[in-house]
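First comes the structure, then the notes that go with it.
Every heavy atom of this structure was used, including side-chain atoms; hydrogens, water molecules and symmetry mates were not.
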Amino acid sequence: MKQIIILIFIAFLSSHNSIGQVGDLKHGDKVYSVVNHVFGNHSKQVLLNKYFYNNRGWLVLLSDSDFFDNIYGQCLDFDKEKVIQLNKIISKSDYNSILSQSRNFQPFEKIIKSKLHKNIRLVGNRHKVDVIKMTKPIFFSDKAILYLHRNEEEKILIFKMNDDGNWKLICDKYLYLRLSD
């Protein structure tokens, strides 16, 4: 009897995992469509850390719309040609969804090279000057948000998916920017 229960339990787990993998595959395609949108159009080679950056500290900034709106950078509604506030982009339920999804960030989650544009090169040395670190994009409504860190800048990017399935940058906020001569 115990063997039958164990077999049923194993069968349940196997079917549960395969359902999750299908969902992850679709989600994974969205992840790489955002990554390729951010870096795939550069004329020169982009050096990207081979792991998604496991950093959630920046998410606290989203909890205070007034503070976020005063950070250097713009959130824009290109259709209406006006600046918009964070609370028009991210609702309270969206914020809760973003926090919930961020809890699933995995340390040392590898970026899959075969899903990237050819001008994106993955490197292991995250301390090298030109290497970009980024979090895995988090999806909510028809939008995606991520944190990007380069040697002399840190920023939050928010994208909205167009009707044609392409991503459009709607918010670019600098947390740190160093201008050098």
Exercise. Let me see the working for V131 and L48 under side chain to side chain contact (heavy atoms under 4.5 Å, CB included), right down to the final yes or no.
Key: CA-CA 5 Å; V131 175; L48 185 62; over 6 Å; no

Practice problem: Test D29 against K115 for salt bridge (Lys or Arg N to Asp or Glu O under 4.0 Å), laying out the working first. | Solution: CA-CA 8 Å; D29 290 342; K115 294 189 176 206; 3.6 Å; yes

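Residue D163 qualifies as open at atom CG: its count of foreign heavy atoms under 6.0 Å is 12 or below. Summarising the local packing, NZ of K88 is surrounded by 12 or fewer heavy atoms from other residues, nucleotides or ligands at distances under 6.0 Å.
Counting only heavy atoms from C-beta outward, the side chains of E109 and F52 approach each other to under 4.5 Å. The side-chain heavy atoms of I98 and N96, taken from C-beta on, include no pair separated by under 4.5 Å. For the pair K155 and D172, the minimum side-chain heavy-atom distance is below 4.5 Å. Contact check for N36 versus I120: side-chain heavy atoms found under the 4.5 Å cut-off. Side chains of Q106 and N54 form no contact here, defined as non-hydrogen atoms less than 4.5 Å apart. Considering only heavy atoms from C-beta on, V34 comes within 4.5 Å of L146 through its side chain. Within the 4.5 Å cutoff, the side chain of H117 has no heavy atoms near those of the F39 side chain. Contact annotation: the side chain of N87 never approaches that of F68 to less than 4.5 Å [non-hydrogen atoms, C-beta and beyond].
Side-chain contact of S97 with D94: a donor-acceptor pair under 3.5 Å is absent, judged by distance alone.
D69 has no carboxylate O lying under 4.0 Å from a charged side-chain N of K173, or vice versa, which leaves the two without a salt bridge.
The CG atom of L62 sits 10.0 Å away from the CD1 atom of I89 when rounded to the nearest 0.5 Å. Taken to the nearest 0.5 Å, the NZ atom of K143 stands 6.0 Å off from the CD1 atom of I170. Here CG of L76 is found 13.5 Å from NZ of K80. Values are rounded to the nearest 0.5 Å. Between Y174 atom OH and E154 atom CD the span is 12.0 Å, to the nearest 0.5 Å. Between the CG atom in L157 and the CG atom in L148 there is a gap of 6.0 Å [rounded to 0.5 Å]. The CG atom of D77 sits 12.5 Å away from atom CD of Q85, with the distance rounded to the nearest 0.5 Å.
Take S100 and apply the side chain to side chain contact (heavy atoms under 4.5 Å, CB included) test, not counting sequence neighbours, and it matches R103. Partners of F67 by ring pair (Phe, Tyr, Trp, His ring centres under 6.0 Å), not counting sequence neighbours: none found. Checked against side-chain hydrogen bond (donor to acceptor under 3.5 Å, both in side chains), W167 has the following partners two or more places apart in sequence or in another chain: S33.
Linking Ile, Leu, Val, Met, Phe, Trp and Tyr whenever their side-chain heavy atoms come within less than 4.5 Å leaves I132 and Y176 in two separate clusters.
The ring of F159 has its center closer than 6.0 angstrom to the ring center of H37.
Relative orientation of the Y51 and F108 rings is perpendicular, given thresholds of 30° and 60° on the angle between their planes.
With hydrogens and angles ignored, the 3.5 Å screen pairs a side-chain donor or acceptor of T135 with a backbone N or O of Y147. The backbone N or O of L122 sits nowhere less than 3.5 Å from a side-chain atom of N49 that would complete a donor-acceptor pair. Under the 3.5 Å distance criterion, the side-chain polar atoms of Q74 are left unmatched by any main-chain donor or acceptor of C171. Without hydrogens or angle criteria, N162 side chain to G165 main chain gives no donor-acceptor distance under 3.5 Å. Put simply, the side chain of Y32 gets close to the backbone of I112: a donor and an acceptor are under 3.5 Å apart.
A cation-pi contact, defined as under 6.0 Å to the ring centre and within 45° of the axis, is absent between K136 and F105.
Put simply, the residue from L99, N104, V31, I145 that forms a side chain to side chain contact (heavy atoms under 4.5 Å, CB included) with I138 is I145.
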